[in-house]
Amino acid sequence: MPHPNDPKLKSFIAVDPASDFPIQNLPYGVFSTAQSPALRVGVAIGDQVLDLALLESEGLLRTGAERCVFAKPSLNAFMALGPKVWSQTRARISELLRDDHPELRDNAALRKRALLPRRDAKLHLPIAVSGYTDFYSSKEHATNVGVMFRGKDNALQPNWLHIPIAYNGRASTVVVSGTEVRRPRGQLKPPTADAPSFGPCKRLDFELEMGVVVGGVSPMGEMLTEAQAEAMIFGFVLLNDWSARDIQQWEYVPLGPFQAKAFATSISPWVVTREALEPFRVQGPAQNPQPLPYLQQKGANNYDLHLDVSLRTSAMKAAANISRTNFKYMYWSSVQQLVHHASGGCAMNVGDLLGSGTISGPEKDQRGSLLEISWNSSEPLELPGGDKRTFLEDGDSLVMRGWCQGDGYRVGFGEVEGTIRAAG
Ligand code: CA
């Protein structure tokens with residue numbers, strides 16, 4: 001049987017070369033329809049969704065589990081079956097969708113029930129998020145922020161090149177693309193004020209990140225090897241770590257971000273598997289000084305993954321691109337983040353979500369937050385039509401896209417969108 005990543009594979013479903021969802025991708029999501037409101041697992045193929053719960057109930061898709069895993073409101077039951085089952089299932093779905101395989105192709109009645117237009121599917125949060133941790137692993141982002149607030153000579157904190165820095169975020173407010181984001185309220189104390197006040201955030205920002213979806217378990221007290229951490233990564237999503245810069249500035253000493261980051265984190269609805277990203281693996285930046293032995297890596301664990309951010313204000317007809325960068329610039333890899341996360345004895349669970357940290361590249365147009373794009377408000381962003389932005393205003397819609405470019409096809413993530421609603 002051909003490998004599901006084979007660039008030559010074709011589906012009997014026509015897929016545009018510019019589509020994010022060719023047969024080489026097969027990302028998992030959770031959906032429902034108006035006619036059938038039960039949440040269930042599906043796979044995106046071209047502009048269609050393949051209903052895995054239906055295929056499982058018809059006996060065409062077997063995972064070896066005693067109970068069904070796809071007629072569920074999240075991917076967690078499927079993820080808990082482990083990486084061998086993930087691979088076998090993906091290979092079987094690929095087979096069922098191939099243009100030279102008759103089982104589904106030639107069964108019109110089944111096809112009619114198992115495939116539906118993506119526009120008719122309501123997409124839900126794909127995972128039950130067990131825990132959410134946000135890293136800070138782009139050297140360019142950490143340097144930009146450091147230069148702004150501490151000057152060029154002290155840009156990186158002394159620990160940064162040794163530890164994948166992170167804080168524990170909130171799983172409870174991870175939401176799927178399309179969910180409105182209400183402007184947070186909080187304690188604000190501008191440098192010019194004598195005392196703090198409570199009110200709507202005035203410096204609301206986005207952070208362009210990738211999210212790692214953990215599909216395995218590491219017991220409390222145990223460390224992870226590079227290979228174990230790798231095997232636990234089920235897939236990736238686009239992630240917007242909405243940030244209230246003014247709340248953060250006042251609250252973060254000495255324990256780090258709290259309310260500034262806890263009000264919303266948006267993710268894309270389709271989880272692209274680690275396996276689908278294999279062909280796009282690249283070596284990350286050289287790490288100097290060499291990390292401590294437990295963080296050293298043998299494998300190339302970055303991905304050549306293009307990222308694009310666009311913004312549409314309520315006055316604009318179309319969104320305008322405001323940043324283009326690449327996941328490959330990340331200094332600390334997702335595997336190193338996961339190894340470090342477990343290194344103190346922290347248990348990791350199925351459904352844990354790890355934010356990569358804001359992804360900025362070396363160039364000015366590759367910055368992954370408005371804080372950096374407007375250089376802390378000193379260089380306002382000018383948008384087509386004359387609107388200017390230093391931070392996000394009510395009614396602004398922010399869209400992130402990501403994809404790996406193959407030869408004649410792309411393995412993409414779709415998008416994560418969020419519109420800002422007034423604090424009320
Ligand atoms: Ca972040």
Side-chain angles (χ1 to χ4, degrees), residues 129 131-149 155-157 159-160 163-175 177 179 181 183-184 186 201 203-214 236-253 255-268 305 307 309 311 322-323 325-327 329-334 336-338 340-341 352-361 366-374 376 391-392 398-400 402 413 416-418 420:
V129 184
Y132 166 51
T133 307
D134 192 33
F135 283 84
Y136 189 57
S137 289
S138 156
K139 192 175 174 185
E140 287 82 3
H141 171 69
T143 303
N144 284 342
V145 174
V147 168
M148 271 182 252
F149 294 105
L156 282 186
Q157 300 280 12
N159 57 7
W160 199 92
I163 304 177
I165 299 292
Y167 65 92
N168 282 299
R170 289 294 298 174
S172 59
T173 24
V174 176
V175 294
S177 174
T179 307
V181 173
R183 178 177 298 275
C201 155
R203 290 160 62 89
L204 182 56
D205 204 352
F206 69 89
E207 289 191 339
L208 168 65
E209 304 194 17
M210 293 300 297
V212 167
V213 176
V214 175
F236 292 81
V237 289
L238 299 163
L239 187 150
N240 184 349
D241 178 36
W242 303 98
S243 299
R245 301 294 179 201
D246 41 5
I247 297 173
Q248 187 176 358
Q249 191 174 22
W250 171 233
E251 76 174 2
Y252 88 102
V253 180
L255 287 184
F258 186 45
Q259 295 305 292
K261 303 277 195 171
F263 58 96
T265 304
S266 300
I267 65 171
S268 53
L305 198 168
L307 293 162
V309 183
L311 173 64
I322 59 169
S323 179
T325 185
N326 196 301
F327 193 34
Y329 297 122
M330 296 306 277
Y331 188 87
W332 295 105
S333 74
S334 305
Q336 286 176 315
Q337 292 174 342
L338 187 49
H340 182 67
H341 206 319
D352 279 339
L353 180 67
L354 312 184
S356 60
T358 307
I359 306 163
S360 292
Q366 294 180 318
R367 294 170 177 170
S369 66
L370 276 174
L371 176 70
E372 293 164 271
I373 292 171
S374 75
N376 197 21
F391 290 98
L392 296 168
L398 203 289
V399 177
M400 297 170 178
F413 287 77
V416 55
E417 189 273 346
I420 306 301

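By convention here, the first residue in the shown sequence is residue 1. Note that ligands are numbered from 1 as they come in the structure, with each ligand's atoms numbered from 1 the same way. Keep in mind that this is a model prediction, so the values were computed, not measured.
- From Tyr252, atom OH reaches atom OH of Tyr167 across 14.0 Å, with rounding to the nearest 0.5 Å.
- Separation of atoms CD1 (Ile322) and CG (Leu311) is listed at 5.0 Å; rounding is to 0.5 Å.
- The N, O or S atom of Asp134 with the smallest distance to the Ca ion (ligand 1) is OD2.
- The OE2 atom of Glu209, the Ca ion (ligand 1) and the OD2 atom of Asp241 define an angle of 100° (nearest 10 degrees).
- Taking a 6.0 Å sphere around CZ of Arg245, one finds it holds more than 12 heavy atoms contributed by other residues, nucleotides or ligands.
- Applying side chain to side chain contact (heavy atoms under 4.5 Å, CB included) to Ser360 and the options Glu207, Lys139, Gln366, Glu140 leaves one that passes, Glu140.
- Considering just the N/O/S atoms of Glu207, the one nearest the Ca ion (ligand 1) carries the name OE1.
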